[in-house]
Amino acid sequence: QVQLVESGGGLVQPGGSLKLSCAASGFTFSNYDMSWYRQAPGKEREFVAGISRTGSSTTYAYSTKGRFAISRDNAKNTVFLQMSSLKPEDTAVYYCARSGGSWGQGTQVTVSS
């Protein structure tokens, strides 16, 4: 019954910002590290950002560090990905993931003028 539902994707211009949300249910959210991955057409799925159970520790892919910020609200069972200074190469389907192998359905982010 693990469910991860991403939202907030869409079309944004280069240099713009977008905030993704992932609503989690079916498990004790605060017991799990959470992550964001993305997959562009013709590319393998790649790690974007991760956050520890309490939110005290975060990690980022080199290509996004300084532009993206992952956060979580354990009271609302939600993890976020704040994206700024977006580039066309950020265009991808973004997936929310729970440690242990659970994935959301993905939300499309398109960075284009």
Side-chain angles (χ1 to χ4, degrees):
Q1 298 114 308
V2 172
Q3 290 185 308
L4 301 169
V5 181
E6 301 94 334
S7 62
L11 176 65
V12 64
Q13 293 185 346
S17 298
L18 204 61
K19 187 174 184 178
L20 307 182
S21 298
C22 173
S25 62
F27 64 99
T28 304
F29 182 71
S30 61
N31 285 353
Y32 291 87
D33 297 340
M34 299 295 295
S35 300
W36 288 94
Y37 286 73
R38 68 186 182 187
Q39 187 169 26
K43 302 283 189 177
E44 294 185 348
R45 189 172 298 186
E46 66 173 344
F47 173 81
V48 175
I51 188 166
S52 63
R53 291 173 293 167
T54 65
S56 62
S57 179
T58 59
T59 186
Y60 299 90
Y62 181 80
S63 62
T64 64
K65 189 173 183 179
R67 301 186 298 119
F68 289 13
I70 188 171
S71 61
R72 67 191 296 163
D73 186 339
N74 284 351
K76 296 181 178 180
N77 288 0
T78 305
V79 61
F80 305 94
L81 184 67
Q82 176 67 58
M83 305 182 293
S84 61
S85 301
L86 284 162
K87 305 174 181 179
E89 51 262 45
D90 294 319
T91 296
V93 177
Y94 283 71
Y95 297 90
C96 180
R98 190 198 79 175
S99 61
S102 296
W103 302 84
Q105 85 287 350
T107 185
Q108 176 71 47
V109 172
T110 302
V111 184
S112 176
S113 59

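Computed from a prediction, not measured in an experiment: that's the story for all the values here. Note that the numbering runs from 1 along the sequence shown for the chain. Computed over heavy atoms, backbone and side chain alike; hydrogens, waters and symmetry mates excluded.
Rounded to the nearest 0.5 angstrom, I70 CD1 and Q82 CD are separated by 12.0 Å. With values rounded to the nearest 0.5 angstrom, Y94 atom OH is found 15.0 Å from S7 atom OG. Annotation: the span from T58 atom OG1 to R72 atom CZ amounts to 12.0 Å, rounded to 0.5 Å. Atom OG of residue S30 and atom CG of residue N77 lie 8.0 Å apart, to the nearest 0.5 angstrom. Atoms CD and CZ, from Q3 and F27 in turn, are 10.0 Å apart once rounded to the nearest 0.5 Å.
Note on I51 and V2: same hydrophobic cluster, where clusters join Ile, Leu, Val, Met, Phe, Trp and Tyr whose side-chain heavy atoms are under 4.5 Å apart, directly or indirectly. Criterion: ILVMFWY side-chain heavy atoms under 4.5 Å apart, direct or through other members. Under it, V111 and Y37 are not part of a common hydrophobic cluster.
The two residues S21 and T78 have their closest heavy-atom pair at CB-CG2, 4.3 Å. For F47 against S35, the heavy-atom pair with the smallest separation is CE1-OG, 4.0 Å. Closest of all the heavy-atom pairs between S17 and S85 is OG-N, 4.4 Å. For the residue pair W36 and V79, the shortest heavy atom distance occurs at CZ2-O, 3.8 Å.
Aromatic ring orientation, Y95 versus W103: perpendicular (interplanar angle above 60°, classes split at 30° and 60°).
By the salt bridge (charged side-chain N to carboxylate O under 4.0 Å, His left out) test, D90 pairs with R38, R67, sequence neighbours left out.
Counting only residues at least two apart or in different chains, disulfide bond (SG atoms under 2.5 Å apart) contacts with residues 15-102 comprise C22-C96.
Enclosure of atom CZ in R53 is not indicated, since only 12 or fewer non-hydrogen atoms of other residues, nucleotides or ligands lie within 6.0 angstrom.
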